[in-house]
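Throughout, numbering of the chain's residues begins at 1 and tracks the sequence.
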Amino acid sequence: MSTPAERLTRVEYARCDPALWLASLFRTMYRGRRPGGLTIEHEHNGFKLKFNVWRALDARDQSVLLATIALAGVLGRQELHAGISHCRAQHLWQRLQPEDLAMMDQATVVKTTRYALLQAAGMADGKAEYNRLEDCLERLSMVGCRARKDGYDWSMRLLSYAETPEGQLHIALNSRLAEALSGHHVYVSLVERRALLSDAAQLTHAWLSAWLRQGASNSIRFDRLAEKVWGPPSKSVGTNRKRRERIGKALDDIGKLHGWQVLVDGRGATAKATIKRPRLVEREYRINGHALPY
């Protein structure tokens, strides 16, 4: 019989807010350079979304957020709102910095440990990784999210976190992330993600998972997909060429996954990929003995 710690390493997917994952918040870092003060805007279903990013987020940050969301689905969660009385819960709520209509929303808290989060994120154990995890959580907690539409105005940090004296980690996910756990969402497979070794492939896979649902097919140019992984095109022709090459390699790796088909057409600036995600009736993800259709 498996232990709770062993079961946690088997978190297999995260139920994600499509707007967040299509906004391209996470990008590859060039030689360790991490720019700060980024503003990323995205429109989704009529909502104008604006993300203020304190320090640029990379694939490791994305892994930590996906793992947190996945653990929230496995471990259960506690609602968090303005009227909550518990001291630690109040602290988590206040650090989310809800404003305007977000004050009436409900966030959610997942209770875990740093070890379990590292395992779920596919990160190694050890002092160096614990320090990297702390850095990831800090960067994620500093991301401001704003949504506006026809008089609707909502603002809240991406997440907040705190550690208890006993070593338990409490992470509060903002209400958009919380709603995706039980409402409208897309699936990002962590099983597939762990099979991808490069940052570019992992970032591409997460974006495509939000962009293309299972059973669908669509085409996209390499240059457009590169923008989702690296941001706006470079002024350097050589840099853009290298990005296309890396996108091609990422798509090749993704095409080898069960449930993905990738057909590449054209070369250079004209290169595009037609991507299919066949609907696999038999495909299921099992968590703690419960079958959950993908």
Q: Listed by chain and number, what are the side-chain hydrogen bond (donor to acceptor under 3.5 Å, both in side chains) partners of E227, not counting sequence neighbours?
A: none
Q: Test V188 against every option in L208, L66, I69 by the side-chain contact (heavy atoms from CB on, under 4.5 Å) rule and name the one that passes.
A: L66
Q: Run the numbers on L137 and I171 for side-chain contact (heavy atoms from CB on, under 4.5 Å), then give the verdict.
A: CA-CA 9 Å; L137 288 171; I171 304 176; 4.1 Å; yes
Q: Go through the structure and list residues passing side chain to side chain contact (heavy atoms under 4.5 Å, CB included) with K249, not counting sequence neighbours.
A: D253
Q: Which distance, rounded to the nearest 0.5 Å, do you find between the CE of M123 and the CG of L118?
A: 5.5 Å
Q: Take N174 and C145, measure what side-chain contact (heavy atoms from CB on, under 4.5 Å) needs, and give me the verdict at the end.
A: CA-CA 9 Å; N174 78 22; C145 313; 3.8 Å; yes
Q: Ignoring hydrogens, what is the shortest heavy-atom contact between A172 and L92? Give both atom names and the distance.
A: CB-CB, 4.2 Å
Q: Under the salt bridge (Lys or Arg N to Asp or Glu O under 4.0 Å) definition, can you give me all pairs with a residue in residues 61-70, not counting sequence neighbours?
A: R34-D61, D61-R139
Q: Answer yes if L159 and M103 sit in the same cluster of Ile, Leu, Val, Met, Phe, Trp and Tyr residues linked by side chain heavy atoms under 4.5 Å apart, and no otherwise.
A: no
Q: Are the side chains of Q202 and S63 in contact, using a 4.5 Å heavy-atom criterion?
A: yes
Q: Give a yes or no on whether I84 and M104 share a hydrophobic cluster (residues Ile, Leu, Val, Met, Phe, Trp, Tyr; joining criterion: side-chain heavy atoms under 4.5 Å apart).
A: yes
Q: Does anything in residues 124-164 pair up under ring-ring contact (aromatic ring centres under 6.0 Å, His included), and if so which pairs, sequence neighbours excluded?
A: F47-Y152
Q: Going by side-chain hydrogen bond (donor to acceptor under 3.5 Å, both in side chains), name the residues that satisfy it together with R60, two or more places apart in sequence or in a different chain.
A: none
Q: Under a 4.5 Å cut-off applied to non-hydrogen side-chain atoms, are L65 and L177 in contact?
A: yes
Q: Is there a donor-acceptor pair under 3.5 Å between the side chain of S175 and the backbone N or O of A178?
A: no
Q: Mind checking whether L251 and L225 have side chains closer than 4.5 Å, heavy atoms only?
A: yes
Q: Supply the atom-to-atom distance W260 CH2 to I275 CD1, rounded to the nearest 0.5 angstrom.
A: 7.0 Å
Q: What are the two closest heavy atoms between V262 and G255, and how far apart are they?
A: CG2-CA, 3.8 Å
Q: If you compare all heavy atoms of R194 against all heavy atoms of A120, which two are closest, and at what distance to 0.1 Å?
A: NH2-O, 3.4 Å
Q: Do R277 and S217 have a side chain donor and acceptor closer than 3.5 Å?
A: no
Q: Answer whether the closest heavy-atom distance between the side chains of T204 and I247 falls below 4.5 Å.
A: yes
Q: Please collect all side-chain hydrogen bond (donor to acceptor under 3.5 Å, both in side chains) contacts where either partner lies in residues 42-56, sequence neighbours excluded, each pair once.
A: T39-N52
Q: Once rounded to the nearest 0.5 Å, what's the spacing between atom CG of L196 and atom CG of L257?
A: 5.0 Å
Q: Between atom CG of L57 and atom SG of C136, what is the distance when rounded to the nearest 0.5 Å?
A: 9.0 Å
Q: Minimum heavy-atom separation for V64 and L117, please, with both atom names.
A: O-CD1, 4.0 Å
Q: Are R132 and E129 within salt-bridge range, i.e. N to O under 4.0 Å?
A: yes
Q: Just jot down the side chain to side chain contact (heavy atoms under 4.5 Å, CB included) partners of T164, sequence neighbours excluded, or say none.
A: R88, E166, Q168, H170
Q: Going by side chain to side chain contact (heavy atoms under 4.5 Å, CB included), name the residues that satisfy it together with E79, two or more places apart in sequence or in a different chain.
A: Q106
Q: How long is the straight-line distance from OG of S209 back to CD of Q214, given to the nearest 0.5 Å?
A: 10.5 Å
Q: For residues Q62 and R27, is any side-chain donor paired with an opposing acceptor at under 3.5 Å?
A: no
Q: Taking only residues at least two apart or on different chains, which pairs with a member in residues 142-155 satisfy salt bridge (Lys or Arg N to Asp or Glu O under 4.0 Å)?
A: D100-R146, R146-D153, R148-D153
Q: Identify the two heavy atoms, one from R221 and one from A269, that lie closest to each other, and give their separation to 0.1 Å.
A: NH1-O, 4.4 Å
Q: Membership question, hydrophobic clusters at under 4.5 Å side-chain separation (ILVMFWY): are V186 and L203 in the same one?
A: no
Q: So, using salt bridge (charged side-chain N to carboxylate O under 4.0 Å, His left out) as the criterion, who are the partners of K276 when residues are at least two apart?
A: none
Q: Looking only at the side chains, is there a donor atom on one of S141 and S160 sitting less than 3.5 Å from an acceptor on the other?
A: no
Q: Output all residues satisfying side chain to side chain contact (heavy atoms under 4.5 Å, CB included) with S234, sequence neighbours left out; order by chain, then residue number.
A: S236, T239, N240, R243
Q: Where is the tightest heavy-atom contact between A206 and R193, given as atom of each residue plus distance?
A: CB-NH1, 4.2 Å
Q: Taking the side chain as every heavy atom from C-beta outward, state whether D223 and R244 have any atom pair closer than 4.5 Å.
A: yes
Q: Between E99 (side chain) and M156 (backbone), is there a donor-acceptor pair under 3.5 Å?
A: no
Q: Do H185 and C16 have side chains that get closer than 4.5 Å, going by heavy atoms?
A: no
Q: Consider only side-chain heavy atoms of I, L, V, M, F, W and Y, link residues closer than 4.5 Å, and tell whether M142 and L158 are in one cluster.
A: no
Q: Please tell me if the side chains of R95 and R157 come closer than 4.5 Å, counting only heavy atoms from C-beta onward.
A: no
Q: Nearest 0.5 Å please: distance from the OG1 atom of T274 over to the CD1 atom of I220.
A: 11.0 Å
Q: Any pair with a residue in residues 211-243 that passes ring-ring contact (aromatic ring centres under 6.0 Å, His included), sequence neighbours left out, goes on the list, sorted by first then second residue, please.
A: W207-W211
Q: So does G266 get a backbone contact from the side chain of T270, meaning a donor-acceptor N/O pair under 3.5 Å?
A: no
Q: Compare all side-chain heavy atoms of L96 with those of L173 and state whether any distance is below 4.5 angstrom.
A: no
